[in-house]
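Contents: one structure, followed by commentary.
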Amino acid sequence: MDDRASIIGGIRSDRESLSREAFVERFSYRFLEMENIGVLLLDADFCIVEISVMICELFGGKRESYIGMPADQWMRSVGMQAEPFGRELLYGAAFRDRALHWAGGKTNRRLMLDGETLLRDGEPIGAFVLFRDVSQVLELEEQVRRSDRLKMIGQIAAGTAHEIRNPLTAIIGFMQLLNKALSDREMDKERRYVGIVLAELDRVNGLVSEFLLLSKQKESKLVLLRVEHVLKEIMPMIRNEALLHGVTVVYRAKSGAPPVMADKELLKQVFLNLGKNAIEAMGEGGTLTIRECHSPHDLGKICVEFDDTGPGIPVDVLEKMFDPFFTTKAQGTGLGLSVCQRIVDDLGGGIAVATSTEGTRFTVWLPAPDGGAQSPYDV
Ligand SMILES: Nc1ncnc2c1ncn2[C@@H]1O[C@H](COP(=O)(O)OP(=O)(O)OP(=O)(O)O)[C@@H](O)[C@H]1O
Ligand SMILES: [Mg+2]
């Protein structure tokens, strides 16, 4: 017998010696330890017989303290807004794919629940509920939808922005001439009016520029650069804005992270927009933490997190905030996040949001082309 055959023979004889019950028992223990699926096993009194690792980690608390607790009491104790299932599950009210949105701390998870009644001789003896974490799948679907919407808006934006920019350039030019003429004649009051018109035109011009970004009409200059350097350059601007709002800024750089391929000015715009949003969300006071992360487990990605201690984002805003012109602010254009999304999308990265009443975290991730190896480039 060669080595391989003897190994296979060994497995086979081990399997034969294992009784069916022992086999199922081993499977159940392993199942209860799985990270991406949670199991809640209930007895005929709706009390918890077993609760798996994933559920304890997600909702908090120790397994031992939950064993024997009625399931409805457990759901209240972990702070579920509405109980996703009740005692009717014991009487045959099985369910499939029941959605549960869980926001606790700064985790924001979308779960799908399946519930089944356990019968013996036709009599209910308990029930079980499976918790599946589908957040990543839904997040991916949402990213694809956002990109599709942006592409369509981009096409409209391209045409409109050019049509606006041409006459705008002429108007600004003539206004500047008028300004000069008024200055020569010392007509100060009229000059002030023209000053206001020019400032407003500047705002329109800024808007058109953002519009052109949405439509991808601007040439981007891709170079290898370190995110840490980009963040350091914009930090004075962010700190200034924070000062005005009494916000504390904490910046945690990550030296030695690999470079990313990006347009420096566009990346600055992304980080500035996210920083500005975080500061604006907090009103007066609060802390903005900007953290660079580079996970050793995911060498191909560089992440930057923007954590605020604001009130969080309500679900109806969460669904629309990446849409161009969606804003909840009196002075907002609603283009900030859609432009960020466009820029990051084009770099092959993504933006993820996690929010709760304790604050919001925006995470920008970008691909690191050299997969995390040290690079000779340092821009
Ligand atoms: N960190 C955050 N906390 C709470 N709400 C946020 C946060 N970031 C964004 N939002 C919400 O998303 C909306 C859209 O943001 P976006 O940056 O696109 O536009 P805006 O900030 O309203 O306008 P502009 O960026 O032109 O100033 C905001 O109006 C706000 O309601
Ligand atoms: Mg904004």
Side-chain angles (χ1 to χ4, degrees), residues 34-38 54-55 57-60 80-81 84 96-114 130-154 214 227 260 262 267 270-271 273-274 277-278 281 289-295 297-308 310-324 326 328 334 336-368:
M34 287 180 78
E35 284 160 15
N36 51 357
I37 190 150
M54 178 261 206
I55 303 188
E57 278 180 0
L58 183 59
F59 295 97
M80 280 188 202
Q81 303 277 320
R96 286 265 175 280
D97 296 335
R98 189 165 287 175
L100 174 67
H101 195 161
W102 171 247
K106 279 205 177 126
T107 44
N108 206 340
R109 301 287 185 83
R110 315 255 212 116
L111 304 161
M112 284 289 181
L113 271 50
D114 295 338
L130 297 182
F131 290 63
R132 279 174 290 129
D133 189 345
V134 290
S135 323
Q136 274 196 334
V137 181
L138 294 182
E139 178 68 29
L140 265 173
E141 280 177 11
E142 180 53 28
Q143 291 236 4
V144 171
R145 268 200 296 275
R146 273 186 227 153
S147 290
D148 284 351
R149 272 204 301 268
L150 273 178
K151 271 191 201 115
M152 195 185 74
I153 303 270
L214 263 184
V227 163
V260 295
L267 207 52
V270 171
F271 296 151
N273 270 330
L274 295 180
N277 276 353
T289 310
I290 302 175
R291 200 180 299 108
E292 236 184 283
C293 18
H294 174 231
S295 149
H297 308 295
D298 206 345
L299 293 176
K301 276 185 194 173
I302 294 287
C303 296
V304 185
E305 293 171 351
F306 289 77
D307 263 2
D308 67 52
I313 310 176
V315 178
D316 55 326
V317 174
L318 208 55
E319 282 166 359
K320 293 186 229 124
M321 65 184 181
F322 283 93
D323 288 350
F326 176 83
T328 55
L337 283 179
S338 43
V339 166
C340 290
Q341 176 78 53
R342 171 99 236 184
I343 295 171
V344 174
D345 245 23
D346 287 347
L347 296 174
I351 302 179
V353 192
T355 186
S356 77
T357 46
E358 288 161 34
T360 301
R361 170 178 296 169
F362 276 82
T363 309
V364 178
W365 67 266
L366 297 167

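This is a predicted model, so every value here is computed, not measured. FYI, side chains are in, hydrogens and waters are out, and symmetry mates aren't considered; it's all heavy atoms of this structure.
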*List the atom of Cys303, the atom of Trp365, and the distance in Å for their closest heavy-atom pair.*
SG-CB, 3.7 Å

_For Asp345, side-chain hydrogen bond (donor to acceptor under 3.5 Å, both in side chains) partners two or more places apart_ = Ser147, Gln341

*With Pro314 via side-chain contact (heavy atoms from CB on, under 4.5 Å) - residues at least two apart*: Asp316, Val317

_Under the side-chain contact (heavy atoms from CB on, under 4.5 Å) test, residues paired with Glu319 that sit two or more places apart_ = Val315

*Please name the residue in the list Ile290, Leu337, Asp308 that meets the side chain to side chain contact (heavy atoms under 4.5 Å, CB included) test with Leu274.*
Leu337

_If I take atom OG1 from residue Thr357 and atom CD1 from residue Ile313, how far apart are they, to the nearest 0.5 angstrom?_
12.5 Å

*Residues in side-chain hydrogen bond (donor to acceptor under 3.5 Å, both in side chains) contact with Glu142, at least two apart in sequence or another chain*: Arg145

_So, using salt bridge (Lys or Arg N to Asp or Glu O under 4.0 Å) as the criterion, who are the partners of Glu305 when residues are at least two apart?_
Arg291, Arg361

*Under the side-chain contact (heavy atoms from CB on, under 4.5 Å) test, which residues partner Leu138, sequence neighbours left out?*
Arg110, Val134, Glu141

*Can you sort out the partners of Asp133 under side-chain contact (heavy atoms from CB on, under 4.5 Å), two or more places apart, ordered by chain and number?*
Met54, Arg109, Leu111, Ser135

*Got a sec, which residues hit salt bridge (Lys or Arg N to Asp or Glu O under 4.0 Å) with Asp97, two or more places apart in sequence or on another chain?*
Arg132

*Run the numbers on Thr355 and Leu318 for side-chain contact (heavy atoms from CB on, under 4.5 Å), then give the verdict.*
CA-CA 9 Å; Thr355 186; Leu318 208 55; 4.0 Å; yes

*Closest approach of Asn273 to Cys340 (non-hydrogen atoms, all atoms of both residues)*: CB-SG, 3.4 Å

